[in-house]
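Report on the structure given below.
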Amino acid sequence: PQLALQLPTRLRHAPWSLLYCTARDGFSLGTLYRSTSRRSAPALLLIRDTEAQAFGAFCASAIRLSTCFYGTGETFLFSFSPELKVFPWTGRNSFFLKGDKDLLMMGGGSGKFGLWLDGDLYRGGSHRCETFGNEPLSRREEFCIQALEVWGLG
């Protein structure tokens, strides 16, 4: 409920549908792309790491393979540690989202990503970045993923 209030107004009451879940679909970035490419809807990425930290990103555009960064300023990162912290677009750059076959990246600048996930969805990382002005989302700048879900909105 706290996170729903941070979504763009047009999506606050939109239905959510589970597009991808590691418990159901396995740990594979390729499978995540296939599962999310069927819809062009905005997506909510939720992660729980092996230290029980919860965090993620709202992607105003669908998560997909891309040759360059894409997305809009509605995109944001968030963490629950333990209360909700939201990191909206700073306006400093437009490095919202980039998906290649071995790495999913969100936010960037100065060689650091706000959130990144490797190709087997086992490891990820979170650093301060210019796009969102965020603090690291997990206790460690590099973490192991326990569970991951992607929800389509609308």
Side-chain angles (χ1 to χ4, degrees), residues 2-49 53-80 84-90 93-109 112-134 136-138 141-154:
Q2 298 170 355
L3 194 53
L5 295 174
Q6 304 302 317
L7 297 173
T9 306
R10 72 182 187 288
L11 296 172
R12 287 188 185 155
H13 300 290
W16 293 27
S17 59
L18 184 62
L19 303 178
Y20 175 84
C21 172
T22 53
R24 178 188 72 196
D25 303 313
F27 285 78
S28 166
L29 187 56
T31 303
L32 186 152
Y33 291 142
R34 283 189 294 281
S35 299
T36 58
S37 67
R38 295 181 208 128
R39 296 182 50 155
S40 60
L44 193 61
L45 175 77
L46 301 169
I47 299 167
R48 180 171 305 276
D49 69 13
Q53 293 290 113
F55 50 91
F58 167 73
C59 308
S61 305
I63 299 172
R64 59 180 169 79
L65 281 166
S66 60
T67 56
C68 58
F69 278 91
Y70 67 96
T72 73
E74 290 180 322
T75 302
F76 62 83
L77 299 179
F78 61 87
S79 68
F80 293 95
L84 176 64
K85 291 183 184 177
V86 174
F87 303 98
W89 181 40
T90 62
N93 64 39
S94 297
F95 300 143
F96 300 113
L97 202 63
K98 183 177 186 295
D100 70 28
K101 66 181 184 88
D102 298 316
L103 198 62
L104 175 61
M105 299 151 274
M106 298 173 193
K112 304 271 182 160
F113 300 112
L115 180 61
W116 63 266
L117 306 173
D118 72 2
D120 63 10
L121 297 181
Y122 175 71
R123 290 185 332 110
S126 178
H127 300 67
R128 295 182 187 278
C129 77
E130 295 172 11
T131 311
F132 302 111
N134 59 292
L137 304 177
S138 181
E141 286 189 338
E142 290 197 17
F143 55 84
C144 291
I145 298 168
Q146 179 180 6
L148 184 146
E149 296 178 349
V150 179
W151 292 82
L153 305 176

From [X] atom [atom1] to [Y] atom [atom2], the distance as rounded to the nearest 0.5 Å:
X      : Y     : atom1 : atom2 : answer
Leu117 : Leu29 : CG    : CG    : 7.5 Å
Phe96  : Glu74 : CZ    : CD    : 9.5 Å
Leu7   : His13 : CG    : NE2   : 10.0 Å
Tyr33  : Ile63 : OH    : CD1   : 8.5 Å
Phe76  : Lys85 : CZ    : NZ    : 15.5 Å
Leu84  : Leu5  : CG    : CG    : 9.0 Å

Would you please name every residue forming a salt bridge (Lys or Arg N to Asp or Glu O under 4.0 Å) with [X], sequence neighbours left out?
X      : result
Glu130 : none
Arg39  : none
Glu142 : Arg123

Shortest non-hydrogen contact from [X] to [Y]?
X      : Y      : value
Gly108 : Thr131 : N-OG1, 2.9 Å
Gly107 : Phe113 : O-CD2, 3.3 Å
Lys98  : Ser66  : CA-OG, 3.6 Å
Arg24  : Leu19  : NH2-O, 3.3 Å
Gln146 : Phe27  : O-CZ, 3.5 Å
Ser126 : Gly114 : OG-O, 2.7 Å

message: If only side-chain N and O atoms count, and only distance matters, is there a donor-acceptor pair under 3.5 Å linking Asp25 with Thr31?
response: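 Asp25 and Thr31 do not have a side-chain donor-acceptor pair below 3.5 Å.
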Does [Y] offer a backbone N or O that forms a donor-acceptor pair with the side chain of [X] under 3.5 Å?
X      : Y      : answer
Asp100 : Leu104 : no
Thr22  : Ala147 : no
Tyr70  : Gly99  : no
Thr90  : Gly133 : no

field: Verdict with reasoning, Leu45 to Leu115, per side-chain contact (heavy atoms from CB on, under 4.5 Å)
entry: CA-CA 11 Å; Leu45 175 77; Leu115 180 61; 4.0 Å; yes
message: Parallel, tilted or perpendicular, judged at 30° and 60°: which one describes the rings of Phe143 and Phe55?
response: perpendicular
message: As a quick check of understanding, evaluate side-chain contact (heavy atoms from CB on, under 4.5 Å) for Leu137 and Phe87, giving each step before the final call.
response: CA-CA 10 Å; Leu137 304 177; Phe87 303 98; 3.8 Å; yes
Side-chain heavy atoms of [X] within contact of [Y], under 4.5 Å:
X      : Y      : result
Glu149 : Leu18  : yes
Phe58  : Leu153 : yes
Pro42  : Leu11  : yes
Ser79  : Gln53  : no
Leu103 : Trp116 : yes
Asn134 : Cys129 : yes

task: Assess the pair Tyr20 and Trp151: is the distance between their ring centroids shorter than 6.0 Å?
output: no
message: Working note: Phe69 + Phe95, criterion ring pair (Phe, Tyr, Trp, His ring centres under 6.0 Å); need CA distance, chi angles, decisive distance, verdict.
response: CA-CA 5 Å; Phe69 278 91; Phe95 300 143; 5.0 Å; yes
- request: Decide side-chain contact (heavy atoms from CB on, under 4.5 Å) for Ser35 and Val150; before the verdict, give the C-alpha distance in whole Å, the side-chain angles of both, and the deciding distance to 0.1 Å.
  value: CA-CA 9 Å; Ser35 299; Val150 179; over 6 Å; no
task: Could you go through the side-chain contact (heavy atoms from CB on, under 4.5 Å) check for Leu77 and Met106 one step at a time?
output: CA-CA 8 Å; Leu77 299 179; Met106 298 173 193; 4.3 Å; yes
